[in-house]
Amino acid sequence: VKVRLVHVTTRLSGRKSRREESREAESLRIGRGTDNDLELSGLTVALHHAALHERGGRFFLEGVEGNSVRIGAKVSEGGGVAAGDVVRIGGYELRIVAPEGDEDLALEVEEIEQRGTEREELARKTAVGVNRGLFTQRKLAWGLGLGVLVLFGALPLATGRFESSWSSGPISSNHAFIAKDCGKCHRGGFELVRDAECLACHTRIGSHAPPDVELASLDEARCAGCHIEHNGRAGLARLEQRFCTDCHAQLAQLVSTTQVENASCFAKDHPQFRIALVTDAGAGAVERVRWSPQLEERSGLLFDHLRHVGRNVAEKTTGEERQLRCGECHQPDAAGKTMAPIVFERHCQKCHSIDFDPAAGERQAWHGDPVRMRRELREYYSFVALEGAAAAPAPSPLLRRKAPSQELSAPEREASVAWVEEQVARADAFLMQEKARCRLCHVLAQGSASDGGTGILPVKVAQVWMPKAAFDHSTHEPFACRECHGAAAVQDPGSAPGAQRPDWAAEDAVPYALYTPEALRTEHGLAPSEKSSDVLVPGIEACQRCHGGADARPPLVASDCALCHPFHRREHGAMHARAPRGAEHAALADGHVFPGGGGSR
Amino acid sequence: VTAKAGFQSFLSYRGFYWLKATLLGLLLAIGAYWLLDPVGGRSGGSWYGYATGTLAAALILWLTWFGVRKRSYASGSANLRNWLSAHVYLGLGLLLLVPLHSAFQFGWNLHTLAYALMAAVILSGIIGVIFYGAIPSAMTRNRQGQELESLYRQISDIDAEWREMARAMPDFVAQATQVGIEETRIGGGLLRQLSGRDPRCGTARALAMLEAREQGTGGEQREQLSQLKKLIGRKQVLLRRVRRDARHKALLNLWLVFHVPLALATVAAVAVHVFVVFYYR
């Protein structure tokens, strides 16, 4: 075959140039090798790739050594070709063109997959640099910045969703139930939280001072000034001493009418306690008196701690012996804060029987009121008389059992009444005898009782010694009674020989420990309490043994005002809503009605 | 050597002026923190909290502005070194100033998010400073006094020579050559760049292909093949260095990819934080 080869190349300018040559061979060999008739230099072309030959007037292009060619769109091991066909081998395009003159065929050869220089090719395959793909600086910056603005700014502001992310700290457990409802306290719009929002729920919270006290700093104080939210378990009330001492260090100068004394520190200048002292039980008089060891409580009661504490007593029913301890009589009330009142029937009567007549056996006289006592005695003896007075020691000769239908005669009735009165007078005298029964503990009243009989001086014992403070026995439970009430906690060894001293593991609610009188005198210079008038509540010095000022360090207990003195005191009426600023707030606050208060100031 | 000197020069600039200034400022802030006992306890809402918070917010804006003002840290001008020195030390100081502002109160909220983002910015900055100190010298050593472009040129030249040699050689060599040149890539994804190597390197695969067929050859062809293998060996050495260079570059620049976006996120979080604390007082 005689073939005209037209090599088409593209110049830098973009123009195509053609170079022609003629080849004549039995079979036109095509491949990368230099021994081919048509040399195609690409590495994707085999050394001997294909051959073109004529058979029967037709031309065939066939792959050699198993190489394939593409004729038109079809890849195969070879096939017939004719003018107009386009053949692909490697990166080359071979276009079959109609022959001219004596030639059998013409081929236009063009490298269509142009390669750049090796350096350009390498650059194309090089990808160096971190600011690429998904994590470019710009994309990250926009994504993170907008993400924060939308998620934490726009979203909560517009919808209220995710608003909890705005919380500056965990809500106190007191307010846990409204933690998700920011607007319950925050009205929003760059405003401080107002008292009105607090008082909407806390309607009955007590005011701090009596209504007649006018003090600007008290009027201007905001709830949130002391009650600071979003501190989690640290609590809601910031009971800092400063809040109190700003005024209370010089309260006498600020409020001329006050009875409250100046104080700025429990350790330094807190005045000695003033206690609620019973000064006249008969008149029910209680006075607030400065504590001193010489104070006497005129309770109208005769009682001696020394003869009771540590004494061995026998249980009447079982005969079991036990020792009288503080907790035998002094039991905390249900709240554990103060001691429950001493009650004769519960605490005294087991030992101090007030029986009045051997014939009546264990029967006890009425306790609490001599008039009622005598009335009940009279009723008792009347019944005895009606019954026939079988057991009476000196029955009247006129008294004898009557048949049911028989009426008493006038003399019989007179004799019966006289007998009853005689018995009542005898029992009354028995009960009122000196240093026994009633008068073991009670003092006779001057004059006579309303029934003309003997009167008993009324008894009044202090229940709460310091009503202005919030002393709590339960928080002091680990400490023995004698730590504070030494003079009372005395065991007279003579009264209980061989008695084992009680220990801390006692099952009583209030722990106790006892002194011997000698130990009390030598260790504390105190005399044991032998009189009922002894005031056994300790003064401030006892507290100061453990409690220092607000800034005290261990082993002293740091004690600010609020440890003992509550701020809100309901006896002064209700707290008032205060409007921080603006008429709008005042109007809103006025909408609330507070019992005992005057609305907004 | 020059990179190291430049690195030290911005840290120790003006006799550690900005380090001293930052430490002095922090000492004042700590002292005031202990001395002042604001009513209501220490918190971001106290006057001390407002003061330190304002200062910290101003610093954050100023430090961010540095990035806007001068994007290239490489410039060696004295003024820029001064700025960079201040940027680094004041930025580090924020790590303590902000907890003082918040009285060390942290929680799962927006406010702590702002601090966490800021801490992440500073952490990425610290990584940047460390890498700026360590990597340039390693880079210079790796390049062995040559320009990076020169290394690339050498690789290209080897590719050209390889292609030329393969022309007259059997087809399996042509195939291996095709793989060795066309399928050798430098860099790629972030992890690939950071690893400094390519487990599917075309050149290595080409060499393996040639070695697999080497046994069947003999005479002149074997001689040609061993020449070609030497050539490929040279290319591999160059590739290792170029890839290590890419790894160095990635390490040197990666921190900034996070530093800047995190800084903008911090500014956004601080802006929302300031809005919120005044919106809900």
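Here is the naming used below: chain letters follow the sequence lines, and residue numbers restart at 1 for every chain.
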For this session: Tell me, out of A:Pro170, A:Ser41, A:Gly169, who's got the most heavy-atom pairs with chain B below 4.5 Å.
Result: A:Ser41
For this session: Start with the C-alpha distance between A:Glu118 and B:Arg153, add both sets of side-chain angles, then the distance that settles salt bridge (Lys or Arg N to Asp or Glu O under 4.0 Å), and finish with yes or no.
Result: CA-CA 9 Å; A:Glu118 294 293 353; B:Arg153 285 261 169 230; over 6 Å; no
For this session: Start with the C-alpha gap between A:Glu39 and B:Arg167, add the side-chain angles, then the distance that decides, and say whether side-chain contact (heavy atoms from CB on, under 4.5 Å) holds.
Result: CA-CA 11 Å; A:Glu39 192 188 325; B:Arg167 271 187 67 155; 2.4 Å; yes
Problem set entry | Heavy-atom side-chain proximity of A:Lys139 to B:Val257 below 4.5 angstrom | no
Problem set entry | B:Leu262 versus chain A, the contacting section by heavy-atom distance below 4.5 Å | both
Exercise. Any chance CD of A:Glu77 has more than 12 other-residue heavy atoms, nucleotides or ligands included, within less than 6.0 Å?
Worked result: no
For this session: Check for a donor-acceptor pair, side chain of A:Glu121 on one end and backbone N or O of B:Glu182 on the other, with a separation under 3.5 Å.
Result: no
Problem set entry | Winner by heavy-atom pair count (cut-off under 4.5 Å) against chain B, out of A:Gly33, A:Gly129, A:Gly153 | A:Gly129
Problem set entry | Polar contact flag, side-chain donor to acceptor under 3.5 angstrom, B:Tyr280-A:Glu191 | no
For this session: Nearest 0.5 Å please: distance from the CG atom of A:Leu157 over to the OH atom of B:Tyr279.
Result: 5.5 Å
Exercise. Checking heavy atoms, do the side chain of A:Glu163, its backbone, both or neither come under 4.5 Å from chain B?
Worked result: side chain
For this session: Taking all heavy atoms of A:Leu43 and all of B:Ala166, pick out the closest pair and write down the distance.
Result: CD2-CB, 3.8 Å
Exercise. For chain A, which residues of residues 197-205 of chain B have at least one non-hydrogen atom nearer than 4.5 Å to it?
Worked result: none
Problem set entry | Partner chain B: residue of A:Cys185, A:Gly143, A:Gly145 with the largest heavy-atom pair count (under 4.5 Å) | A:Gly145
Problem set entry | For A:Val130 against B:Leu190, the heavy-atom pair lying closest together | CG1-CD1, 3.4 Å
Problem set entry | When B:Arg192, B:Gln178, B:Arg163 are compared by non-hydrogen pairs under 4.5 Å with chain A, the top option | B:Arg163
Exercise. Using non-hydrogen atoms only, which part of A:Leu47 is less than 4.5 Å away from chain B: side chain, backbone, both, or neither?
Worked result: both
Seminar exercise, completed: Counting heavy-atom pairs under 4.5 angstrom with chain A, the leader among B:Ala160, B:Ala114, B:Gly44, B:Ser102 is B:Ala160
Exercise. Do you know the tightest heavy-atom contact between A:Val128 and B:Ile186?
Worked result: CG2-CG2, 4.1 Å
Exercise. With chain A, which of B:Ala269, B:Gly107, B:Ala174 has the greatest number of heavy-atom pairs at distances under 4.5 Å?
Worked result: B:Ala174
Exercise. Atom CD in A:Gln137, atom CG in B:Leu256: separation rounded to 0.5 Å?
Worked result: 4.5 Å
Exercise. Non-hydrogen atoms of chain A under 4.5 Å away: do they reach the side chain of B:Leu117, the backbone, both or neither?
Worked result: side chain
Seminar exercise, completed: For B:Ser156 and A:Leu122, the nearest pair of non-hydrogen atoms, with its separation, is OG-CD2, 3.7 Å
For this session: Please test A:Leu140 against B:Phe258 for side-chain contact (heavy atoms from CB on, under 4.5 Å), starting from the C-alpha separation and ending with a verdict.
Result: CA-CA 8 Å; A:Leu140 276 177; B:Phe258 295 99; 4.1 Å; yes
Problem set entry | Options B:Leu254, B:Val242, B:Leu264, B:Ile155, ranked by heavy-atom pairs under 4.5 Å with chain A, top entry | B:Leu254
Exercise. Are the aromatic rings of B:Phe275 and A:Phe190 close, with centres under 6.0 Å apart?
Worked result: yes
For this session: Specify which of B:Gly188, B:Ala246, B:Ala263 makes the most heavy-atom pairs with chain A at under 4.5 Å.
Result: B:Gly188
Exercise. Which residue out of A:Glu65, A:His186, A:His48, A:Arg119 racks up the most heavy-atom pairs below 4.5 Å with chain B?
Worked result: A:Arg119
Exercise. Checking B:Thr266 against chain A: side chain, backbone, both or neither under 4.5 Å from a heavy atom?
Worked result: neither
Exercise. Is the shortest heavy-atom distance from the side chain of B:Val272 to the side chain of A:Leu149 under 4.5 Å?
Worked result: yes
Problem set entry | Part of A:Ser167 lying under 4.5 Å from any heavy atom of chain B | backbone
Problem set entry | CA sep, side-chain torsions, deciding dist, call: B:Asp171, A:Arg32, side-chain contact (heavy atoms from CB on, under 4.5 Å) | CA-CA 9 Å; B:Asp171 284 342; A:Arg32 191 175 81 242; 3.3 Å; yes
Problem set entry | Within 6.0 angstrom of B:Glu149 CD, more than 12 heavy atoms from elsewhere | yes
Problem set entry | For A:Ala141 against B:Pro261, the heavy-atom pair lying closest together | N-CB, 3.3 Å
For this session: Determine, stepwise, if the pair A:Trp166 / B:Val277 fulfils side-chain contact (heavy atoms from CB on, under 4.5 Å).
Result: CA-CA 8 Å; A:Trp166 287 8; B:Val277 296; over 6 Å; no
